[in-house]
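Read the structure below first, then the notes.
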Protein chains: 4
Amino acid sequence: MKVKDEQKYDRLIAAAIDLLAAGGLANFSTTKVAKQAGIPQSNVYIYFKNKQSLLEAVFQATVHTESVAVAAAIDDNAELAEQLAMSIRALYDFALAQPAVVTALQVLTEDVALKQKFALKADDTANQKIQHLLTTGVTQNILQPVDLNLLRYFLTRPIFHYAEGRRHGLYSATTTSIDELVVMVMGAVLQPTPFQTWLQAQSE
Amino acid sequence: MKVKDEQKYDRLIAAAIDLLAAGGLANFSTTKVAKQAGIPQSNVYIYFKNKQSLLEAVFQATVHTESVAVAAAIDDNAELAEQLAMSIRALYDFALAQPAVVTALQVLTEDVALKQKFALKADDTANQKIQHLLTTGVTQNILQPVDLNLLRYFLTRPIFHYAEGRRHGLYSATTTSIDELVVMVMGAVLQPTPFQTWLQAQSE
Amino acid sequence: MKVKDEQKYDRLIAAAIDLLAAGGLANFSTTKVAKQAGIPQSNVYIYFKNKQSLLEAVFQATVHTESVAVAAAIDDNAELAEQLAMSIRALYDFALAQPAVVTALQVLTEDVALKQKFALKADDTANQKIQHLLTTGVTQNILQPVDLNLLRYFLTRPIFHYAEGRRHGLYSATTTSIDELVVMVMGAVLQPTPFQTWLQAQSE
Amino acid sequence: MKVKDEQKYDRLIAAAIDLLAAGGLANFSTTKVAKQAGIPQSNVYIYFKNKQSLLEAVFQATVHTESVAVAAAIDDNAELAEQLAMSIRALYDFALAQPAVVTALQVLTEDVALKQKFALKADDTANQKIQHLLTTGVTQNILQPVDLNLLRYFLTRPIFHYAEGRRHGLYSATTTSIDELVVMVMGAVLQPTPFQTWLQAQSE
DNA sequence: GATGAATGAGGTTTCATTCAT
DNA sequence: CATGAATGAAACCTCATTCAT
C-alpha cells in the first residue's frame, strides 16, 4: 500500500487539505480529492487504504507542519513565558501564511465522528518540543496546573479562531490586535503571579 | 411554512440535534433525520424548505436554549465579574445536562461551509442579556477592550471543550477542575487589575 | 368539480400558460402552477380533475383565444386569398402581442405524449370560421387540394416559428421580413395560378 | 469521458431516442433510459456528465443521421431546385424509415427550455453540404432571399409533420400525397419564377 | 502499479394526488 | 369549499469501493 510515486501521494494530501479547508468534512470526497489532484479516482486506493486512511494522513501532515513552524520560531534561550508568547505569535503567523493547513487541521480535530480516533505520531520531535515546554511550565509553577491538553487548547484554538476572523473580516487590527489576543491567552494559561511578571516585562 | 402539527416539527429538530451531535455534519442527512423522527423522508420538506433551512432552525433552537439556560443562572445583583463567572459555570452545567444540544451547536458554528451563514435572531432576549453584560464590562474597563465576538469565544468554546473532555474521560475532576477552568477563562477576558480583584474575592 | 370561484380558475389557467411558455411541459407541475397563481396546491384539484385535465383546459383556452384574434382580423369582403394573407399577418401580430399564449399552445400541440389526445371543441365559432375559409378555398381551386390539417399547419406553424425567431433575435426585419414570410406561406398553400394572381395584386 | 465500452454508449443513445420519441421530454429520465438500456442508472453518469449532456449527444447523433441520409440522396448533377425536391423526398423516406430518430430530433429542437442551447457540430460534412445548397440557391436567385434558418424550417418541419401524420393515420396517400407536399414546400422556398420553371419540368 | 468501468446505496428534492378538518 | 398535511414514488446526481485489464 505504500507509495510508489511519492509525488502523487503528496499531491493527494495537498488536494485533500485544500478541499477540507474549502468545504469541511461534509463536502469532502475521494472523488473530489482525486479530481483536484488531477489523478484518476481509483488511484486514491493505491496510496491509501480508504477514505479514513487518507484523512488520517492529512491529520498527521498538518499537525506536523504546524508543530515544525511553531517550534522553529521559539527562542530556546528566552524565558519560558516569553517562549509561549512566541509560540502564539508563530502560530498566528503560520495561520495567516498557510490558512488551508490550519483550517484543515481544525476541521479534522473538531469533527465529532473522528474525535480522538487519530493517534498523534509519538515520534514527532517538533511536537515533542512544545509538549516539553508545557510540562516544564507546569512543573515550575509558571503555567496553570491543569491537563496539558487544556493548556494546548488555549494556546491553539483561540489563535486559529482569531486568524480566521482576521482573514474573513470579522476582526480587524484596530478593534482587536494580535497583541491583545496574546495577553488574553497568556492570562489564561499563566498562573496569576507569573502573568503579572510577564505583563510588566512586556511594558518595559 | 405555517405549522399545524408542532409535535412533528419539534421531533424533527430534536432528531436533527441528536444526529448532529452523534455524527457531525458529514453524517447528517434529511433521510436519517426523518428516520430518527419516525417520519417519511419527504415530510421533512413540509416543515422545512430544504436541508439548509432545517439546519438553520436547529441553530436558532440550540442558541436559544443555551442562552436561556445561561441567562437564567446569572444573578443580576452580583458584581459584573462574578456574573461572568456564573455564566461560565452555568454553561458548563448546561453542557453536561444537554450534551447533544451543545455539541450540535458547536458542529454548526464550527463548520467551514456554514460559517457566518446563519444570522442570529435579533429578538432573542436571553441572548441580548449576555451581549449587554459584555458591552457593559468593556465600557467599565473590566473586560479586555476587544471585539465582543472574541470575548464570547473565550467564554464559550473552552467550556464546551472542557465539558466534552469530561464526558469522554479526557479530563477528570482531579487533574483539571471546573474551578481551574473558570480561573483560566477569567484570566483571559478580564483586564489584569479586575482579574486580581476578582481572584482575591474568590479566596475569601 | 366545476368552478365556484371563477377568478381562481382563470388565474390557474393564466399561470399554466405562463409556465408552459417559460419552461415547456417538462418543467410544468401542478405545484408550480399553484404557486404562480398564488393558490394553495391542493386547490388545483378543486378546479381540475387532475394535471391532464388542467392541460386540456389550457389547450382549449389558447386555441380559442388565438382563433378569435385571427377571425376578428379577417375582412369578409376581401378576396379569399387576401383573407388568408390577413390571417397570416393577424396570427403574427397575435404571436407578438401574446407570446405566452402562442408558445403554450405550441408546446401542447407539439408534445408527443399528448398529441391528438385533445379534442377540439366543436362549438368554437371563431375556429369554425377559419375552417370554413379553408374548405371554400379548396372547393374553389384556390388552395392546394390537400387535407385541411396540412393547410392549417402551413398557415400557423411557420408563423409561430418566425414570430418566436423575431422575439429571440434569430430573425430580424432586415434579413427576413414578415412580408417575405407571407409570400412563402402563400406560395405553399395557394395553387400556382391563384398564387401568381395574388402576387400581381400585391405589387400593384 | 473516454469510452471503452462503446456498445453501452450506443445503447444509451438508442434508448434515449426511443424514449424521447415515445414520451417526449416530459417523460424522459435517466432512470428510464438506463432501464431501457439494461444498465444500472448510475452508469449513465459514466458515459455522460449529466442528463443535459446525454440529451446533447442525442441531438448530435440524430442531426447527423438525418443529414447523412438526406445528403446521400441528393444527386449532385441535378438542377438545384431538383436537388431540393430530392432532399424533401429523402427526408420523408427517412422519417418513415426511422421515425424514432426524427421524432426525437423534433422533440429536442422544439423544446422551449432547450431551444438554441444545443450548438450544431461545425464539422458535420453532411450538414454542411445541405447548408451549401441553400446558400447557392439564394445567391442564384432561385430560393427566396430569406434567412437560411427559415428556408431550412420549411424544408424540414412540414415534412416531419406530414410523415408523422401518415404514420398515425391523420393523412393518407389519397387525401394528401407526398407529391403534393413537395409542391407546397417548393412553392414556399422557391422564388415565383423558378417555381414555375420547376413545375413545368415536373409535368413533362 | 495504474486505470477506466462498474455498481448499489444513499442523498436532496419535487411531484401528483389524497385526506381530514 | 378550502386548505394544510401527508405520502410514496421517482427524479438527478455523487459516492466509496472493487475489479479486470
Side-chain angles (χ1 to χ4, degrees), chain A residues 1-5 8-9 26-35 39-55, chain B residues 1-9 26-35 39-55, chain C residues 1-5 8-9 26-35 39-55, chain D residues 1-9 26-35 39-55:
Chain A
M1 207 64 29
K2 265 289 145 155
V3 188
K4 193 65 175 267
D5 187 338
K8 283 193 190 170
Y9 179 92
N27 297 300
F28 180 88
S29 78
T30 60
T31 310
K32 286 178 187 161
V33 172
K35 188 174 295 172
I39 282 173
Q41 218 209 114
S42 54
N43 278 27
V44 173
Y45 288 81
I46 297 173
Y47 297 98
F48 303 97
K49 195 169 132 284
N50 52 26
K51 193 184 171 186
Q52 176 74 16
S53 164
L54 165 57
L55 288 173
Chain B
M1 208 60 28
K2 282 291 168 57
V3 176
K4 265 274 168 61
D5 191 341
E6 205 141 328
Q7 196 223 329
K8 283 194 190 168
Y9 180 91
N27 296 299
F28 179 87
S29 78
T30 60
T31 308
K32 287 177 188 159
V33 171
K35 193 171 294 172
I39 280 174
Q41 192 263 358
S42 64
N43 279 27
V44 173
Y45 289 82
I46 298 174
Y47 296 95
F48 302 96
K49 199 171 131 285
N50 51 27
K51 189 187 175 185
Q52 177 74 15
S53 163
L54 164 56
L55 289 173
Chain C
M1 207 67 28
K2 266 290 147 163
V3 189
K4 193 66 176 262
D5 187 338
K8 282 193 190 171
Y9 179 90
N27 297 300
F28 180 89
S29 78
T30 60
T31 310
K32 286 178 186 161
V33 171
K35 188 173 297 173
I39 283 172
Q41 221 209 114
S42 55
N43 278 26
V44 173
Y45 288 82
I46 297 173
Y47 298 98
F48 303 96
K49 195 169 130 283
N50 52 26
K51 192 185 172 186
Q52 176 74 17
S53 163
L54 164 57
L55 288 173
Chain D
M1 210 57 30
K2 281 291 169 54
V3 177
K4 262 276 168 57
D5 190 340
E6 204 140 330
Q7 197 223 328
K8 282 193 190 167
Y9 180 92
N27 297 299
F28 180 86
S29 80
T30 60
T31 308
K32 287 178 188 157
V33 172
K35 193 171 294 173
I39 280 174
Q41 191 261 359
S42 65
N43 279 27
V44 172
Y45 289 81
I46 297 173
Y47 297 96
F48 303 95
K49 200 171 131 286
N50 50 29
K51 189 187 175 185
Q52 176 75 15
S53 164
L54 164 57
L55 289 173

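Just so it is clear, the values below take in all heavy atoms, side chains as well, and ignore hydrogens, waters and symmetry mates. Just so we're on the same page: letters track the sequence lines, and every chain starts at 1.
Separating the NZ atom in A:K35 from the OG atom in A:S29 is a distance of 8.0 Å, to the nearest 0.5 Å. With rounding to the nearest 0.5 Å, the separation of CD1 in A:I46 from OH in A:Y9 is 14.0 Å. Interatomic distance, D:S53 OG to D:Y45 OH, rounded to the nearest 0.5 Å: 9.5 Å.
For the pair A:N27 and D:F28, both in contact range of DNA chain F, the more 5′-proximal nearest nucleotide belongs to D:F28. Both D:P40 and A:S42 lie near DNA chain E, and the one whose nearest nucleotide falls closer to the 5' end is A:S42.
The shortest distance between the side-chain N/O atoms of C:T31 and the OP1/OP2 oxygens of E:dT14 is not below 4.0 Å.
Closest to the A:T30 side chain, of the nucleotides E:dT12, F:dA5, F:dT17, is F:dT17. Set against E:dT18, E:dT12, E:dT3, the side chain of B:K51 has E:dT12 as its closest nucleotide. Closest to the side chain of D:I46, out of F:dT3, F:dC12, E:dA5, is E:dA5.
Residues B:T30 and B:F48 have side chains not in contact (no heavy-atom distance under 4.5 Å, counting atoms from C-beta outward). Two residues are said to be in side-chain contact when any heavy atoms from C-beta on lie closer than 4.5 Å; D:N27 and D:K32 meet this criterion.
Nucleotide F:dC15 holds its P atom 13 Å from the OH atom of D:Y45, rounded to whole Å. In this entry the distance linking OH of A:Y47 with P of E:dG1 reads 10 Å, nearest Å. The CG-C1' distance, from D:N43 to F:dC13, rounds to 13 Å in whole Å. Rounding to whole angstrom units, NZ of residue D:K8 and C1' of E:dA6 are separated by 7 Å. One can place CD of B:Q7 at 14 Å from C1' of F:dA5, the figure rounded to the nearest angstrom. Taking atom CD of B:Q41 as the reference point, atom C1' of E:dT12 lies 7 Å away to the nearest angstrom. Protein atom NZ of B:K49 is 17 Å distant from nucleotide atom P of F:dA5, rounded to whole Å. In this entry the distance linking CG of C:N50 with C1' of E:dC15 reads 14 Å, nearest Å.
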#### Entry: Working for side chain to side chain contact (heavy atoms under 4.5 Å, CB included), residues A:Y47 and A:I39
CA-CA 11 Å; A:Y47 297 98; A:I39 282 173; 5.6 Å; no
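Residue-level contact check: B:S29 touches the backbone only, with heavy atoms under 4.0 Å from sugar-phosphate atoms and none from bases. Residue C:K35 is classed as having no contact, given no heavy-atom separation below 4.0 Å to the nucleic acid.
Consecutive Watson-Crick or G-U pairing (both distances under 3.5 Å) extending over three or more pairs maps onto DNA chain E as E:2-21 with F:2-21.
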